[in-house]
Undergrad: 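The structure that follows is given in the form of structure tokens.
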Amino acid sequence: MTAGALPAGYVRVTAGRCAVVVLEALADDARALLDEGSLYEAAARDLGAHPLQGRGAVYSIALPRSGRRAVVRRNRHGGVFGALTRDLFLPPTRAPYELAMSLRLRAAHVRTPAVLMYGVERMHGVLRHADVVTAEVSDGRDLATYMQPGEDAVQRADAWRATVALVQALGAAGARHHDLNVKNILLAPAVQGLAAWVLDVDRVTFGDPASVHRANVARLLRSARKWRGERGAELEEGVFGPLAQKSGD
């Protein structure tokens, strides 16, 4: 973990081989988790944890001191080298970048879960494990589930409406998500209908809003069409109209 300045409101807590950057109000939660090893190990040992789907096991837990609901995951490599490199990273890992991107997106009014803390654990000399703890989005379901055969058509339409609004917000912020897909868009109940949240923001970079928007739309379209082709998901191309028109597709 780098020794640079922390974002406002965050502090560093250390124990053994682990160093955690955490919201100051949740520092006691971080210390309690570190009593069990790394953040991820503590979540895995929590008898009240609810395993979630993801790249590797992801856990929904109540933080031990505040009781706040959170999602704990270990960062893992994807792609062709994922089986080789698995969950080992060179420092400073992707976790500090994910926190920075989360803060920047939220400041730009793009919905993404708050990063409550992240932890980096020294492993095998120079290598590191990185664990990220984010605020849980209550009753969230990913976009892919709304595309399943038999899903309520009204709910599916509302999910796409919310997704369009999210992609437009990403574009307005100039935020390109290099892995925008139907599994990392989360839909949850809002005051009116559903609201969409973007996940995996360590894959976000910033650039020209117009070109960023086109790239985000193209990436999401590829994912949705692949899901339809490989898994029989239900999709009408017309739902992409508001996105495609703005992107020039």
Side-chain angles (χ1 to χ4, degrees), residues 52-58 71-90 92-106 108 110-115 118 130-135 137 140-147 159-160 162-188 195-231 233 235 239-240 243-244 246-247 249:
L52 305 173
Q53 292 182 344
R55 182 181 293 159
V58 178
V71 173
V72 185
R73 74 179 193 281
R74 173 151 289 173
N75 279 349
R76 302 177 192 275
H77 292 278
V80 293
F81 296 109
L84 176 65
T85 51
R86 303 189 309 274
D87 57 4
L88 295 172
F89 292 82
L90 291 172
T93 79
R94 296 199 306 245
Y97 186 79
E98 181 170 351
L99 172 58
M101 291 301 97
S102 174
L103 292 170
R104 184 168 176 178
L105 288 170
R106 289 166 64 84
V110 177
R111 285 190 179 89
T112 189
V115 175
Y118 70 80
D131 304 330
V132 180
V133 181
T134 55
V137 178
R141 296 168 55 200
D142 62 45
L143 178 58
T145 65
Y146 286 91
M147 297 172 62
W160 277 110
T163 297
V164 167
L166 174 66
V167 174
Q168 290 173 336
L170 284 166
R176 179 179 177 183
H177 196 305
H178 293 265
D179 190 25
L180 191 64
N181 63 67
V182 297
K183 293 295 290 181
N184 60 26
I185 294 177
L186 192 67
L187 287 305
W197 302 69
V198 65
L199 309 180
D200 297 342
V201 299
D202 60 324
R203 303 299 306 276
V204 168
T205 59
F206 284 81
D208 170 68
S211 59
V212 158
H213 181 74
R214 287 193 293 271
N216 284 339
V217 171
R219 181 66 185 83
L220 181 58
L221 283 170
R222 286 198 302 273
S223 173
R225 288 165 177 160
K226 182 178 180 180
W227 202 262
R228 178 182 59 186
E230 294 182 355
R231 301 177 184 248
L235 170 66
V239 301
F240 293 117
L243 294 179
K246 188 172 181 179
S247 69
D249 289 352

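Just so you know, residue 1 is the first one in the sequence shown, and it goes up from there. Small disclaimer: the values here were computed from a predicted structure and weren't measured.
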Undergrad: Within a strict 4.5 Å, meaning less than it, do heavy atoms of the Val201 and Asn184 side chains meet?
TA: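 SC-SC contact between Val201 and Asn184 ruled out.
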Undergrad: Would you say the side chain of His77 lies within less than 4.5 Å of the side chain of Asp87, judging by non-hydrogen atoms?
TA: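 No, their side chains stay 4.5 Å or more apart.
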Undergrad: Measure the spacing between CE of Met101 and CG of Asp202 and express it to the nearest 0.5 Å.
TA: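 CG of Asp202 is found 10.0 Å from CE of Met101.
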Undergrad: Write down the atom of Ala135, the atom of Pro113, and the distance for their closest heavy-atom approach.
TA: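 Reported closest heavy-atom pair: O-CB, 3.5 Å.
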Undergrad: So do the side chains of Leu235 and Trp160 get within less than 4.5 Å of each other, counting heavy atoms only?
TA: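 They are in side-chain contact.
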Undergrad: Looking at Phe206, I'd like to know if the NZ or CZ of Arg176 sits under 6.0 Å from its six-membered ring centre while staying within 45 degrees of the ring's axis.
TA: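 The answer is no, since Arg176 fails at least one limit relative to Phe206.
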Undergrad: Is it true that Arg73 and Glu98 have a side-chain N and a carboxylate O under 4.0 angstrom from each other?
TA: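 Yes, Arg73 and Glu98 are salt-bridged.
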Undergrad: If you look at every heavy atom in Leu166 and Ile185, which pair is closest and at what distance?
TA: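 So the two residues come closest at CD2-CG2, 4.0 Å.
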Undergrad: Working to the nearest 0.5 Å, report the span between CZ of Arg203 and CG of Asp179.
TA: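 The CZ atom of Arg203 sits 5.0 Å away from the CG atom of Asp179.
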Undergrad: Run the side chain to side chain contact (heavy atoms under 4.5 Å, CB included) test on Val71 and Val133 for me, step by step, so that the C-alpha distance in whole Å, both residues' side-chain angles and the decisive distance to 0.1 Å come before the verdict.
TA: CA-CA 6 Å; Val71 173; Val133 181; over 6 Å; no
Undergrad: Of all heavy-atom pairs between Asn75 and Ala95, which one has the smallest distance, and what is that distance?
TA: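 Closest pair (atom of Asn75, atom of Ala95, distance): ND2-N, 4.0 Å.
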Undergrad: Could you check whether Arg94 makes a cation-pi contact with Phe89, meaning its NZ or CZ is under 6.0 Å from the centre of the six-membered ring and within 45° of the ring axis?
TA: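 No; the conditions do not both hold, so Arg94 does not lie above the ring face of Phe89.
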Undergrad: If we ignore hydrogens and angles and just use 3.5 Å, is the side chain of His177 paired with the main-chain N or O of Leu199 as donor and acceptor?
TA: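 Yes: the side chain of His177 pairs with the backbone of Leu199.
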Undergrad: What pair of heavy atoms forms the shortest contact from Ala196 to Arg111, and how long is it?
TA: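 Heavy-atom minimum between the residues: O-CB, 3.4 Å.
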Undergrad: Any side-chain heavy atom of Val164 within less than 4.5 Å of one from Val167?
TA: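 Of all side-chain heavy-atom pairs linking Val167 with Val164, none is under 4.5 Å.
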Undergrad: Between Val58 and Val72, is a side chain to side chain contact (heavy atoms under 4.5 Å, CB included) present by the stated rule, with each step listed?
TA: CA-CA 6 Å; Val58 178; Val72 185; over 6 Å; no
Undergrad: Would you indicate whether the side-chain heavy atoms of Tyr146 and Val182 approach each other to under 4.5 Å?
TA: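 Answer no - side chains too far apart.
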Undergrad: Is the closest side-chain heavy-atom distance between His178 and Val204 below 4.5 Å?
TA: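 Side chain of His178 against side chain of Val204, heavy atoms only: no contact under 4.5 Å found.
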Undergrad: Tell me if a side-chain donor or acceptor on Thr112 pairs with a main-chain N or O of Val198 at a distance below 3.5 Å.
TA: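 Indeed, once roles are kept as given, a pair shorter than 3.5 Å links the two residues.
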Undergrad: I'd like to know if the side chain of Thr145 reaches the main chain of Arg141, judged simply by a donor and an acceptor atom lying under 3.5 Å from each other, with no hydrogens or angles considered.
TA: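 Looks like no, no N/O pair under 3.5 Å.
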Undergrad: Check the pair Leu105, Leu170 against side chain to side chain contact (heavy atoms under 4.5 Å, CB included), reporting the backbone distance first and the verdict last.
TA: CA-CA 8 Å; Leu105 288 170; Leu170 284 166; 4.2 Å; yes
Undergrad: So Leu220 and Asn181, side chain to side chain contact (heavy atoms under 4.5 Å, CB included) or not? Walk me through it.
TA: CA-CA 5 Å; Leu220 181 58; Asn181 63 67; 5.6 Å; no
Undergrad: Looking at every non-hydrogen atom in both residues, tell me the closest pair between Pro209 and Gly171 and how far apart they are.
TA: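 Where Pro209 meets Gly171 most closely, the heavy atoms are CB-O, 3.2 Å.
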Undergrad: Measure across Thr93 and Ala130 and return the closest heavy-atom pair with its distance rounded to 0.1 Å.
TA: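 Residues Thr93 and Ala130, closest heavy atoms: OG1-CB, 3.6 Å.
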